[in-house]
Amino acid sequence: MNATITLKRLEIVIDEEKLEELINILNDVGVRGYTFIKQAGGLGSRGTRRPDDIFFEQTNAMFILACEEKQAERLVTALRPRLKEFGGMCLISDCEWVIGPAASY
Amino acid sequence: MNATITLKRLEIVIDEEKLEELINILNDVGVRGYTFIKQAGGLGSRGTRRPDDIFFEQTNAMFILACEEKQAERLVTALRPRLKEFGGMCLISDCEWVIGPAASY
Amino acid sequence: MNATITLKRLEIVIDEEKLEELINILNDVGVRGYTFIKQAGGLGSRGTRRPDDIFFEQTNAMFILACEEKQAERLVTALRPRLKEFGGMCLISDCEWVIGPAASY
Amino acid sequence: MATIQPVVIFFILGVLAGVLKSDLKIPEALYKSLSIFLLIAIGFKGGVSMAKYEITEVLPIALSMVVLAALVPLTAYPILKKLGKFSQADSGAIAAHYGSVSAVTFAVGIAFLDGIKETSEGYMVLIMALMEIPALVTGTVLARRGAGGETQWGKLMHEILTGTSIFLMVGGVIVGYYAGIVKLVSPLDKMFMDLFMGVLALFLLEMGLLASARLSAIRAKGPFLLGFGILFPLTAGFFGAFLGAIFQLSLGGTMMLAVLYASCSYIAAPAAMRIAVPEADPAVSIGASLGVTFPFNIFIGVPIYFEMAKFFKAMF
Amino acid sequence: MATIQPVVIFFILGVLAGVLKSDLKIPEALYKSLSIFLLIAIGFKGGVSMAKYEITEVLPIALSMVVLAALVPLTAYPILKKLGKFSQADSGAIAAHYGSVSAVTFAVGIAFLDGIKETSEGYMVLIMALMEIPALVTGTVLARRGAGGETQWGKLMHEILTGTSIFLMVGGVIVGYYAGIVKLVSPLDKMFMDLFMGVLALFLLEMGLLASARLSAIRAKGPFLLGFGILFPLTAGFFGAFLGAIFQLSLGGTMMLAVLYASCSYIAAPAAMRIAVPEADPAVSIGASLGVTFPFNIFIGVPIYFEMAKFFKAMF
Amino acid sequence: MATIQPVVIFFILGVLAGVLKSDLKIPEALYKSLSIFLLIAIGFKGGVSMAKYEITEVLPIALSMVVLAALVPLTAYPILKKLGKFSQADSGAIAAHYGSVSAVTFAVGIAFLDGIKETSEGYMVLIMALMEIPALVTGTVLARRGAGGETQWGKLMHEILTGTSIFLMVGGVIVGYYAGIVKLVSPLDKMFMDLFMGVLALFLLEMGLLASARLSAIRAKGPFLLGFGILFPLTAGFFGAFLGAIFQLSLGGTMMLAVLYASCSYIAAPAAMRIAVPEADPAVSIGASLGVTFPFNIFIGVPIYFEMAKFFKAMF
Ligand SMILES: Nc1ncnc2c1ncn2[C@@H]1O[C@H](COP(=O)(O)O)[C@@H](O)[C@H]1O
Ligand SMILES: Nc1ncnc2c1ncn2[C@@H]1O[C@H](COP(=O)(O)O)[C@@H](O)[C@H]1O
Ligand SMILES: Nc1ncnc2c1ncn2[C@@H]1O[C@H](COP(=O)(O)O)[C@@H](O)[C@H]1O
Ligand code: NA
Ligand code: NA
Ligand code: NA
């Protein structure tokens, strides 16, 4: 597959309530692109969270972002101290960005 | 990127109706963390599924989970016999878990 | 992990308005399976998009699809000329498809 | 002929919004809420007026009309198979749709009668609920005769009997009947009777939007389905009006029986056929019933069925 | 004894839909919309009739009834701990649920009074709103006495005071009171008074669905919670009726005070306890309050509390 | 001066909920459903009362009032550019917002008239719908004069004409007019007229929530926009009242024309400007129109416009 750029792909899951806080961190670090999905359910160290539980609205937000390795390192450095409080998870993997759309990474 | 742990990342898509069944399997295997998103659309061997089709509410649920390789193997072993009936897909890839939040994998 | 097939995993984010157009392209190329999620928010070169903004309903759709490398190349070739107009992003990575469900890739 | 009810104009507005590519969208939650309301309200209204009858008196009549409803899919099937050249599965599925009924067409019929200050027997709503069963079962049998694979009868019957449509209508009948007996209709009627027409208006707006999106699906068999979608309900309605007069229903009741026989389903039937006859193409049956027969019935059919009812009532 | 209100049959329909595994689903947005409506409507109705009283006159009585409400969790706690063998956290959390009130049970009580053409003091709704505070605070104190970790009192009080329930009820009271004073109740009552019963009907349908899904959660402690969930509200209601008669409330008001003391929360309390006593298991308290006490109250409790009110009113 | 309508207190409650960080949330589907209802209801009400006029008689007057509405953005633009120091794009976009109208402010005006038993000409709603066109087109021309890139006129006109607002209002007018002519207003009015005020109440609650979230966006230009957002509508309203009196409208109609000229859009205009002037910052125009002008109009403006109407009606 030619005409691609190698980037890091981060996948972060946190409480939906913390969404704005995470966005602020991403902005501070200078991330230029991310995608998020709300109303995610899940299981983790703090038990299950179900978007369809009418009595407890506990949902997660999932963030996916592609960025350069340097940027990813900066982000992880900024994020790590908060992760304990945020809970959830933060995964990193490799990916190829297909050149074409505006380079928002 | 230091201070990460190498894990397997599983991505499972099934009919939303089967959500509880899949959760039961995950619990049986002893998975300690997963994230799911409902109301996904898609195309597969059984045709298209659209969350916005008012006449046929056919939607998928997408599960993402990070776990140790051993755990992943156990899960795949438990899941495989059911996959034919479930349909959908189950993908495995590599990822790095950023150490910080409670180790729910 | 035995009994898996190595495939390419594509992850595409575009404006939700373009969903039908993208589906048409996928169909033209002959893709046999994909999953999509609507109502995604995000940040990119054209600013932020929030699914909860009542005044501007600007949302993204996220596509995930697993296919053979050849198919992925065909798809990228067909998609690339449109990506500039679509905006968003298109990532490629490797994955293993667990054999079991109907082979819709 | 009678004037067109203002409420049906909302259907045209919906079609127009679709055709003009307006950004008008009815939130899915609103659509579902409106249909929950309509189903309960139809049942409630029927139940309240049933409280005035002796149930045991009407039961045999009601049951015979339900059983005779199986004739509708039995007639539709050969026409679809021979003239329409549809596959066995599709013919059976479409026949099931046309044997089944549309609660919204029923509601438009009720609204029409309200407009001319006529009423109908309250138990018509029970007939409507029960008619689903012979229609869907007959359609399924026709579709699957000699076909391989086993029919999921258990799942099908569960889907029919506990499906939202029948469940809410019968539930509404029970509450309405009880409220009528204990004379406590009053505060509930402010919602389920007074708002009926307004809710129907919003629902028809969405129906119009949906219909305009569905018409394209029948393009291939367009001319045949256009003819079938108009002529078949006319015939079925004629038969219904005839039966109603024979059974000595009131004028309004005779018309409503014609409406029931003439109307076809696009909500309950598709869900049932997906389970019972998965090999049938739902786009065709929904396209025909929602895109052709539904608008025909609410604009032209209903007044015609009223004339048919008048004709047969004068005869017997 | 008084006839059962038609509206509560919708609760049975909901339970039935759950048990029969019907595909009936109330969209989440509808559920939330109905609860917003009900809270405003309850407040509005109370506010309108409060406009007829001198507020300063009723305030001391209202406040004493609120303060006395703290007795309810204080009584429930040792029963749950000793007899029920629940942990300290669970006992406190369940006690908070039973000390707190259910706006929907309150609404069913109002509907019951409407049905027999009785009324109650408008400020009962303010009492309802205020009762949350002593109930939830007492429950939290009981749950966390001597426990490690600090209680998030600030967050808890914010949750209680600005939570949707209290906020909308008090908001409704303000608008209703003002509308009553300036004599502009009229066009708003078409919505918030006339439709009250119909909206309650749809809400009870969903409550039934939710209750049927929740009952399984209490299986382990089933027998105890079944007994507790019936006997405790009866006792609390008895106490409430006694207090109401002592405080010279009207017959309807006496009954409504019994309903307030007897009812228990399954919306506001769970949200508050999640913050204040996160180690308690919410499934148990919701299961007991929604699965046992709520249906008991709306079908059997409310008429009994009315009889209790009659008894004590005749006494004092 | 006239008493404040109870309904507008819901706006304050919404703002309060936002300021207190209450967890109150109006489901998005409810918000959209309420706005669909309001637009249809406004149109329906206007259409019903239009059925009493000879259309051809009022058309020329209506059209001149629409054309004159282009003066509003033409006046606003230089003020915003010179005094406000906004960019050309922002000035044009904000001018378009202020030239355009707010259906909810219109609804509050109607509610105000209802409260004092006054009426207005039914065709005011058509004027409201039509006024969007000159306002948005003028604003776009001003914003893009000499600017690079081509204006998407086709897309803009499609957005304006088939956008939900105009489509539903005009649709409501058509149904209402027809219902008035055939004398079948009755069952539809139970929904679209009787519930109008109650629906407006819930909608204003959400408007308050939204406004409190939007005010922060104008912080940078706060003082200027505060002054502009109050003084400009007063001037425009003055001009509208003057025109209304000249055109011999009724007292209520004169006031409503003032309301139309004074009110500004925060739903249709932002959507149109996003297409036509994408380089303008929507946060500023929405912040000013929803955060400043809308609350000013519904609390203080409407009674003032009524006084203005009285003044000019006495004059001519
Ligand atoms: N191993 C995992 N794989 C996928 N998602 C996880 C995993 N662990 C935690 N999560 C997600 O993170 C959320 C919060 O986790 P926790 O803070 O551990 O309760 C959970 O509800 C899951 O959605
Ligand atoms: N190759 C694929 N890539 C992504 N998603 C898939 C793929 N194949 C199947 N799916 C998802 O799985 C669902 C069920 O697939 P199936 O059982 O094959 O109809 C589809 O609706 C898709 O959402
Ligand atoms: N680097 C990135 N990582 C993740 N998502 C992105 C990235 N860049 C763009 N996107 C997504 O694509 C959407 C459109 O991007 P754009 O066309 O650049 O404005 C954004 O709203 C994001 O959801
Ligand atoms: Na039929
Ligand atoms: Na209580
Ligand atoms: Na204006």
Where on [X] is there a heavy atom nearer than 4.5 Å to chain F: the side chain, the backbone, both, or neither?
| X | result |
| --- | --- |
| D/Ala201 | side chain |
| D/Lys25 | backbone |
| D/Glu28 | neither |

Is a donor on one side and an acceptor on the other found under 3.5 Å between the side chain of F/Tyr178 and the backbone of D/Gln5?
no

Is it true that a side-chain atom of F/His158 and a backbone atom of D/Ser22 form a donor plus acceptor pair closer than 3.5 Å?
no

Under a 4.5 Å heavy-atom cut-off, does chain D meet the side chain of [X], its backbone, both or neither?
| X | answer |
| --- | --- |
| F/Ile36 | side chain |
| F/Leu195 | side chain |
| F/Ile40 | side chain |

Kindly give the heavy-atom pair with the smallest separation between F/Phe167 and D/Leu13, and that separation in Å.
CZ-O, 3.2 Å

Sort out for me which of F/Val182, F/Leu30, F/Thr164, F/Ile166 touches chain D most, counting heavy-atom pairs under 4.5 Å.
F/Thr164

Between CG on residue D/Leu205 and CG on residue F/Leu168, distance to nearest 0.5 Å:
6.5 Å

Can you tell me which of D/Leu20, D/Asp23, D/Leu202 forms the most heavy-atom pairs within a distance under 4.5 Å of chain F?
D/Asp23

Check: F/Leu188 and D/Pro6 side chains under 4.5 Å, non-hydrogen atoms
yes

Report yes if the side chains of D/Val7 and F/Val175 come closer than 4.5 Å at any heavy-atom pair, otherwise no.
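Heavy-atom side-chain distance check fails, nothing below 4.5 Å.
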
Determine, stepwise, if the pair D/Val199 / F/Met191 fulfils side chain to side chain contact (heavy atoms under 4.5 Å, CB included).
CA-CA 8 Å; D/Val199 170; F/Met191 175 111 165; 4.1 Å; yes

